[in-house]
A.B. asks: 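Pasting a structure below so you can have a look.
Proteins come first, then strands; the chains are lettered A, B, ... in the order of their sequence lines, and each starts at number 1.
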Number of protein chains: 2
Amino acid sequence: MSWRKDERRAERGYHHGNLKEALLQAALNLISQKGPAGFTFADAARMAGVSPAAPYRHFRDRDELLASIAQRGFEQFESVLTQAWDDGRPDTISAFERVGKAYLGFAREEPAFYSAMFESGVPVDSNPTLMAASERAFAIIRAAAERLAALAPPGMPRPPAMMMALHIWSMSHGVASLFGRGDAARRKLPMSPEDLLEAEVLIYLRGLGFPIDRRAEAAAAEEKPAGPWGRPK
Amino acid sequence: MSWRKDERRAERGYHHGNLKEALLQAALNLISQKGPAGFTFADAARMAGVSPAAPYRHFRDRDELLASIAQRGFEQFESVLTQAWDDGRPDTISAFERVGKAYLGFAREEPAFYSAMFESGVPVDSNPTLMAASERAFAIIRAAAERLAALAPPGMPRPPAMMMALHIWSMSHGVASLFGRGDAARRKLPMSPEDLLEAEVLIYLRGLGFPIDRRAEAAAAEEKPAGPWGRPK
DNA sequence: AGCTCATGTGAACGATCTTTACATGAGCCG
DNA sequence: CGGCTCATGTAAAGATCGTTCACATGAGCT
């Protein structure tokens, strides 16, 4: 790693070192603790050990900091999804399932990023670079849908990949947003969010004509082999 | 209507009349204009023509007002869904589609309610009456899913209604949250949110083994009869 | 060594949230 | 009708926050 000089400037720095980074980290901590509305600019400054005015050297205002976090979130999101997709290896279907799990995993493990990206009221379309980052993340889902659509059985009409991608995205976001995070808006579920989403997507794909094994859903619904739909309760 | 005396007290009241109501209305206006984060307690008071301290006679703090709005939102939501479902008349499928449209309609026409309910960070499970209202709203979807599940073709295994309900809900919320409102987080869509959701649900139901007419999706995807999947672009 | 510019500080303003003591008037009871 | 009481609203005040501006400081270049 590039320790030696980088670390000296980072830890102890001249004025502060990399305040920008420290502020982003502080904001992330605060958001994950108290939600995107509960984090204050002054708090982030305090947590970074600087005066309340210092952040204005790096962010025009509080919204720009939030937008920066959303931006970073989209980038990290894209990276996670890309890795999960792995260009469709070893096979399209299982890679696709991995993407779904990765989606939920990101929402759960990075709730601060996720809420900054989707629930903070940041106007995504007002910031071009933010918009672009969001597009790149969606492009992964879109690409996966494309490959999946190409796999449609010969007899079937090809579903439009864009529509598939939007459908999958809305399912994933719906599950993540309603049931994904441990804390807020939780509701007793008969199964894990991951299994819920997996079953949902599989049923959807079967509806498109893909030859999905029914046992996969059963396994997703619950490990209990009490019929193909899991426990009937 | 019960004018006469009610109205005198409502309009002109003694101190203010029904400040509580006025505050809720003011908050709704403010939220629909500036989002749930952008509304301030003082602003609501000002809009109601009272001092900034007056609201505290009716709400412990800002969060309680928000929770009250969410509560009311869930009640109104339940009413809208109940009306749309109409106990499954004239037939289960079309009533089900109506519920989906009603869901999106509510999210679009009452963005203030919707965001207070789902995106304001109000801890739903901390307030029992709020939780109950939310449950009652979800119960409509659940009941519809139940009826739908009972309609499953004889040869098919019966899907668990609860799972169906959760799936439908996550689709609806996903579409509403990502594409539903005119303003925030919009993205260019090849079709309307309503059509997107309708196609999604229909494909899902077909995946469950329901004999869904493919042309319905085509119509949903777009009116253009350019093949069963709408325009291939 | 000295200049310069990015970076951080301190003080200040207005707005907000919230509490506290005080005012007011509606409705009841005699 | 007169007075009591309590819900309802006000005024004032403290704490915090977002934001700005004049000023300080020191890193890096020449």
A.B. asks: Please collect all salt bridge (charged side-chain N to carboxylate O under 4.0 Å, His left out) contacts where either partner lies in residues 159-171 of chain B, sequence neighbours excluded, each pair once.
C.D. replies: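 Passing the test, one end in residues 159-171 of chain B: no pairs.
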A.B. asks: Rounded to whole Å, how long is the line connecting atom NZ of K20(B) with atom C1' of dA7(D)?
C.D. replies: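 Nearest whole value for this atom pair: 13 Å.
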A.B. asks: Take atom CE of M47(B) and atom P of dT16(C), then tell me their distance rounded to the nearest Å.
C.D. replies: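 Interatomic distance, CE of M47(B) to P of dT16(C): 12 Å.
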A.B. asks: Sort and list the pairs that fulfil salt bridge (charged side-chain N to carboxylate O under 4.0 Å, His left out) and have at least one residue in residues 51-63 of chain A, not counting sequence neighbours.
C.D. replies: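 The answer is R60(A)-E64(A).
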A.B. asks: In this structure, how many angstroms lie between the P atom of dG18(D) and the CG atom of L66(A), rounded?
C.D. replies: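 L66(A) atom CG is separated from dG18(D) atom P by 11 Å.
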A.B. asks: Within residues 54-61 of chain B, find the residues that approach DNA chain D with a heavy atom at under 4.0 Å, and present them sorted by residue number.
C.D. replies: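 Contacts with DNA chain D under 4.0 Å: A54(B), R57(B), H58(B).
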A.B. asks: Looking at residues at least two apart in the chain, or sitting in another chain, which of them share a side-chain contact (heavy atoms from CB on, under 4.5 Å) with A45(B)?
C.D. replies: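 For A45(B) the side-chain contact (heavy atoms from CB on, under 4.5 Å) partners, ignoring immediate neighbours, are V50(B), P55(B).
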A.B. asks: Return the value, rounded to whole Å, for the distance between atom CD of E21(B) and atom C1' of dG9(D).
C.D. replies: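 Atom CD in E21(B) sits about 18 Å away from atom C1' in dG9(D).
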A.B. asks: Scan nucleotides 15-17 of chain D against the protein and return all N/O pairs shorter than 3.5 Å with their distances rounded to 0.1 Å.
C.D. replies:
unit_1: dC17(D); atom_1: OP2; unit_2: R46(A); atom_2: NH2; d: 2.8

A.B. asks: Kindly say whether the aromatic ring centers of F77(B) and F106(B) come within a distance under 6.0 Å.
C.D. replies: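 Centroid distance F77(B)-F106(B): below 6.0 Å, so yes.
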A.B. asks: With sequence neighbours excluded, give me every salt bridge (charged side-chain N to carboxylate O under 4.0 Å, His left out) pair touching residues 26-43 of chain B.
C.D. replies: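 Output for this query lists K34(B)-D43(B), D43(B)-R46(B).
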A.B. asks: Taking only residues two or more places apart in sequence or in another chain, which ones pass side-chain contact (heavy atoms from CB on, under 4.5 Å) with T92(A)?
C.D. replies: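 By the side-chain contact (heavy atoms from CB on, under 4.5 Å) rule, T92(A) matches W85(A), R147(A), L148(A), L151(A).
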A.B. asks: Could you work out, with side-chain contact (heavy atoms from CB on, under 4.5 Å) as the rule, every residue matching E146(B), not counting sequence neighbours?
C.D. replies: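 Only R142(B), A161(B) meet the side-chain contact (heavy atoms from CB on, under 4.5 Å) criterion with E146(B).
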A.B. asks: Do any pairs count as a ring-ring contact (aromatic ring centres under 6.0 Å, His included) and have a residue in residues 22-48 of chain A, sequence neighbours left out, and if so which ones?
C.D. replies: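 Sorted pair list: F41(A)-Y56(A).
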